[in-house]
Amino acid sequence: MRSRDVAQATSLRYLAATIPASRRPTPLFNALFVALALIGLASIALADSSTLSASDQPRVIVTSDGEIDDECSLVRFLLYANEFVVEGIITSSSQYHAHGHNWAGDDWAQPYLEAYAKVYPNLVKHDPRYPKPELLQSRTLLGNVKSEGEMDEVTPGSQRIVEVLLDSPDTRPVWLQAWGGTNTIARALKTIEEQHPEKMAEVAKKIRFYFIWEQDETYQTYIRPNWGKFDIPTIISDQFLAFAYENQRQAVPQEVQHYFSASWMNQHLRDRGPLVALYKAHDDGRFRSEGDSPAFLHVIPNGLRSEESPDWGGWGGRFVKVRSNTWLDPVAEPGYEYPAGRWYTGSAWGRQRVKQEIPNDEVLTAYLRPQWRWIDAIQNDFAARADWCVKEFKDANHSPVVSIDGALSREVTPGEAVKLSASATDPDGDRLTFRWWQYSEADSAKATVTIAGIDSANDASFVVPDEPGKQVHIILEVTDNGTPSLVGYQRVVCNIKGN
Ligand SMILES: [Ca+2]
Ligand SMILES: [Ca+2]
Ligand SMILES: [Ca+2]
């Protein structure tokens, strides 16, 4: 097998259990997808799915070490609870936080859940899918917290992960996120290995990992050696630095830093009810850190389809495959060799570069771009949801809903003029602006295509470059003129035929 074929085969396998993205679920589509998947036609369902503007809510389990930036991330996460099936919010330790070591308390998440309960009656005016506070409460549990990397003890948190993964009638992917150490996840997997070794392969097929660094050793010492053979798709992010503490996001360009400024934050987050009131910005209001948020930003079904393959890119960054199942941040340095072991503060490329404190470090800026390029849209979307906590539907903004005419994934021929056409609606009746662009970093084509009618809803096109076997990724961004201005997306993936 040539390397490209290997990549494509993996990508297909990755796709097979992943349901394509959009904002509105329809039961008909879900039933159709399940039926097709059952008879082994999942990839055909995906090819045809573009005519069905629907998706399911991704299932997610958060594990968090309760640092201040996790607390900030939890506020944002709860505002997106309508987009997910929240299977668990589990406290874990890390190399930074554990019992007796900068510990926020076993019940650090409680004030946030209580505040969520207070704003829930208003949030459901904006989306009835927000989960009941009692449901979130019942799934918020203590994991392995006694020391860094501790995975000996079976805990309520580890058992919740076991329960979700062993629930065999449900084959949908489960995104296991590590905002801290991977130890509680490791403990859960060890329980499954010990008690149900015959189910490991089936369980592994459901799992998607997204780790914010490896904040303890358990991925290397337990998960990789024992579960590596199952090729669980694993993203380990270092580019989250663009969304982290000031000293870490220093290379983010000025025009983007604006969205972290006290003036912007105060304008959009002050007086937004009890949940956002708990958001631990700095005293003057400026952004503190949400280094862990990319773990769930990646799976928000916003139309970018980032959950379909880690190299496609989206709100949680963009990654390259460096080992059979492991996707890390793209390092542009010629001849760079990724570490064989942990990707963390002691080894990750961006972290090492940040330590060098190079003024106007354009190389670091470029490295972090897959994350910061979306910050304006990410922050405005956050601001709108802060409004949802206190405002009526008619007084708040909601994203445009975008629908592509024709397939989302297409087979195209070199020289062919591909027509790009879409429609969009806005829940608030806002005026909409269309913009098509090639996500050239995410696609395998070398050529930069010229898109005619770049701001046209239904009269845009481009000519397919002569690069058989490659892909061109076209993003459609539809922006409304509400306050704050919000964006809806779709992505058209064109597979160039030949060879
Ligand atoms: Ca954390
Ligand atoms: Ca709107
Ligand atoms: Ca390209």
Side-chain angles (χ1 to χ4, degrees), residues 23 62-74 77 89-98 102-104 108-109 126 143 145 148 177-184 210-216 237 240-241 243-245 248 280 288-296 311-313 318 320 330 344-345 370 377 380-381 383-385 387-388 391 393-402 424-433 437-449 465 467 469-475 478-488 493-494 496:
R23 304 189 79 86
V62 171
T63 67
S64 163
D65 60 348
E67 187 168 301
I68 284 186
D69 77 334
D70 298 62
E71 295 189 61
C72 293
S73 289
L74 185 59
F77 176 79
I89 300 172
I90 290 162
T91 296
S92 202
S93 62
S94 71
Q95 67 188 97
Y96 306 104
H97 303 276
N102 297 325
W103 190 237
W108 67 275
H126 299 268
V145 297
E148 172 185 346
Q177 304 168 19
W179 301 10
T182 48
N183 56 326
T184 303
Y210 192 124
F211 303 150
I212 302 295
W213 284 341
E214 295 167 60
Q215 297 182 45
D216 65 33
S237 174
F240 74 82
L241 292 168
F243 212 45
Y245 295 101
Q248 298 174 331
K280 290 187 174 170
R288 187 185 294 263
S289 175
E290 285 187 52
D292 299 311
S293 291
F296 69 86
D311 53 353
W312 284 17
R318 181 173 55 80
V320 291
Y344 75 125
T345 183
N380 282 330
D381 208 78
R385 286 160 190 260
D387 284 346
W388 295 2
K391 293 183 180 175
F393 191 97
K394 65 177 176 48
D395 299 323
N397 199 11
H398 308 82
S399 304
V401 179
V402 185
T425 55
D426 188 85
D428 317 296
D430 293 326
R431 189 164 50 77
L432 301 177
T433 308
W437 52 277
Q438 180 191 8
Y439 194 174
S440 52
E441 298 95 329
D443 70 20
S444 52
K446 290 254 185 312
T448 303
V449 304
E467 297 188 52
K470 304 288 187 183
Q471 288 184 325
V472 175
H473 286 218
I474 304 291
I475 306 288
V478 178
T479 307
D480 72 16
N481 69 335
T483 305
S485 175
L486 298 179
V487 183
V493 174
C494 297
I496 306 173

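Both counts, for ligands and for their atoms, begin at 1 and track the order of listing.
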*Restricting to N/O/S, name the atom of His398 that gets closest to the Ca ion (ligand 2).*
O
*Have a look at the Ca ion (ligand 2) and estimate, to 10 degrees, the angle subtended by OD2 (Asp426) and OD2 (Asp430).*
80°
*Take the Ca ion (ligand 2) as the vertex and measure to OD2 of Asp428 and OD2 of Asp480; round to 10°.*
150°
*What protein N/O/S atoms sit under 3.0 Å from the Ca ion (ligand 3), by chain and number?*
Ser440 O, Asp443 O, Asp443 OD1, Ala445 O
*So, do Asn102 and Tyr96 sit near enough that their side-chain heavy atoms are less than 4.5 Å apart?*
no
*Side chains of His398 and Asp428: donor-acceptor distance under 3.5 Å anywhere?*
yes
*What's the count of protein N, O or S atoms under 3.0 Å from the Ca ion (ligand 1)?*
5
_Looking only at the side chains, is there a donor atom on one of Asn397 and Asp480 sitting less than 3.5 Å from an acceptor on the other?_
yes
*Looking at side-chain heavy atoms only, is the closest gap between Gln438 and His473 below 4.5 Å?*
no
*Assess the pair Phe211 and Trp213: is the distance between their ring centroids shorter than 6.0 Å?*
no
*So do the side chains of Trp179 and Glu67 get within less than 4.5 Å of each other, counting heavy atoms only?*
no
_Please tell me whether Thr182 and Asp216 have a donor and an acceptor in their side chains that are separated by less than 3.5 angstrom._
yes
*asked:* Less than 4.5 Å apart, side chain to side chain, heavy atoms only: is that true for Val145 and Trp103?
replied: yes
_Which heavy atom of Ser293 sits nearest to which heavy atom of Ser73, and what is that distance?_
OG-OG, 2.8 Å
*So, Asn183 versus Ser92: side-chain donor-acceptor pair below 3.5 Å or not?*
yes
*From the Ca ion (ligand 2) out to just under 3.0 Å, does an N/O/S atom of Asn397 turn up?*
yes
*Could you point out which residue of Thr425, Val487, Leu432 forms a side chain to side chain contact (heavy atoms under 4.5 Å, CB included) with Pro400?*
Leu432
